[in-house]
Asks: 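Let me begin by handing over the structure; questions about it come next.
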Amino acid sequence: MYRVLAERYPYAHCELDFSTPLELLVATILSAQSTDVRVNQVTPALFSRYRTAAEYAGADRSEVEELIRSTGFFRAKTDSLLKLGQALVERFDGEVPGRLDDLVTLPGVGRKTAHVVLGNAFGVPGITVDTHFGRLVRRFGWTEETDPVKVEHAVGALIPRRDWTMLSHVVIFHGRRTCHARKPACGACPIARWCPAYGTGETDPERARKLLTYELAPKADG
DNA sequence: ATCCCGAGGG
DNA sequence: CCCTCTGGAT
């Protein structure tokens, strides 16, 4: 299934705009519960205004809030960015660390964000379990876990390590383009023949509800 | 488990 | 109106 998806989305990549590890880290923090398109609308002005960890550490709170407001959660994200700048200056000499254990100690940085930075700025293979990835691999029947760390380990055991970053990209692309949360376009899906969730009623409201709330059994019937 | 929070689709 | 969008901290 992975190979078919990889052939379907050979151009899959991180769609956040960035030119440095710090920019990617900031963009990824802003992407929480927001679309990459919206994040890319605010980051040019943000990156132009703040170029170093020290500049985030000393930034004016209300100014940052206005710059990132449209991405949602703007007070919490502003708080994260200022504290992130402080933490980078105080503990990492102003540089973005390239190790998972270090990244997850930073304010506003969880495992998902850390893997995005590692995979796309440092070339370290990692599985990014976001809302799309979790939903799709459960539909695929690759795992029934809902805890992101358990999903990461279960899927990691199925796919070679060198493919982990691209796997994350193609699964997320598939989630955005075809295997939507609410109304998956199974008719356009290249792996429908292997998918336990295929044909379980994208037109049936109750089935669709179960599909999106992850209550769907791996295989309905025979 | 709950909060943070805005914008767009259906 | 309700749901979703590349989550994280309490």
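Below, chains carry the letters A, B, ... as their sequence lines are ordered, and counting in each starts from 1.
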Asks: Tell me the interatomic distance from A:E65, atom CD, to B:dG6, atom P, rounded to whole angstroms.
Replies: 11 Å

Asks: Between A:Y50 and A:E63, do the side chains contain a donor N or O and an acceptor N or O under 3.5 Å apart?
Replies: yes

Asks: Nearest-Å distance, NE2 (A:H13) to C1' (C:dT6)?
Replies: 13 Å

Asks: Heavy atoms from C-beta onward define the side chain here; which of C:dT6, B:dC5, C:dC5 lies closest to that of A:I172?
Replies: C:dT6

Asks: Can you tell me the distance, in whole Å, between the CD1 atom of A:I127 and the C1' atom of C:dG7?
Replies: 18 Å

Asks: Any base atoms under 4.0 Å from A:T113, or only sugar-phosphate, or nothing? Heavy atoms, all strands.
Replies: sugar-phosphate

Asks: Between A:S80 and A:F173, which has a closest nucleotide on DNA chain C that is more 5'?
Replies: A:F173

Asks: Taking atom types as they are modelled, is there a donor-acceptor pair under 3.5 Å from the base of C:dC3 to the side chain of A:R182?
Replies: yes

Asks: Please confirm whether the backbone N or O of A:L46 pairs with a side-chain atom of A:T43, one donor and one acceptor, at under 3.5 Å?
Replies: no

Asks: Is there a path from A:I127 to A:F122 through hydrophobic residues (I, L, V, M, F, W, Y) whose side chains come within less than 4.5 Å of each other?
Replies: no

Asks: So, A:D79 and A:K83, do they make that salt bridge, N to O below 4.0 Å?
Replies: yes

Asks: Once salt bridge (charged side-chain N to carboxylate O under 4.0 Å, His left out) is applied, what residue pairs with a partner in residues 145-170 of chain A remain, sequence neighbours excluded?
Replies: A:R111-A:E152

Asks: Could you give the CZ-to-C1' distance, from A:F133 to C:dC5, as a whole number of Å?
Replies: 18 Å

Asks: With a 4.0 Å cut-off on heavy atoms, is A:L106 in touch with a base, just the backbone sugar-phosphate, or nothing at all?
Replies: sugar-phosphate

Asks: Between C:dC5 atom C1' and A:E15 atom CD, what is the distance in whole Å?
Replies: 13 Å

Asks: C:dT4 phosphate, OP1 or OP2: any side-chain N/O from A:H180 under 4.0 angstrom?
Replies: no

Asks: Looking for any heavy atom pair under 4.0 Å, which part of the strands does A:P107 touch: base, sugar-phosphate only, or nothing?
Replies: sugar-phosphate

Asks: To the nearest angstrom, how far is A:R176 atom CZ from C:dC3 atom C1'?
Replies: 17 Å

Asks: Before we go on, tell me: are the rings of A:Y9 and A:H169 under 6.0 Å apart, centre to centre?
Replies: no

Asks: Considering only atom P, compute the distance from B:dG10 to C:dT6 and round it to an integer number of Å.
Replies: 14 Å

Asks: Could you tell me how far apart A:D79 (CG) and B:dC5 (P) are, to the nearest whole angstrom?
Replies: 9 Å

Asks: So if I take residues 24-61 of chain A and measure heavy-atom distances to DNA chain C, which residues fall below 4.0 Å?
Replies: A:S31, A:A32, A:Q33, A:S34, A:T35, A:D36

Asks: Taking the six-membered ring where the residue is Trp, are the ring centres of A:F173 and A:Y11 under 6.0 Å apart?
Replies: yes

Asks: Rounding to an integer number of Å, can you tell me how far A:L84 CG sits from C:dG8 C1'?
Replies: 13 Å

Asks: Flag as yes if A:F73 stacks onto the base of B:dC4 (centroids under 5.5 Å, planes under 30°), otherwise no.
Replies: yes

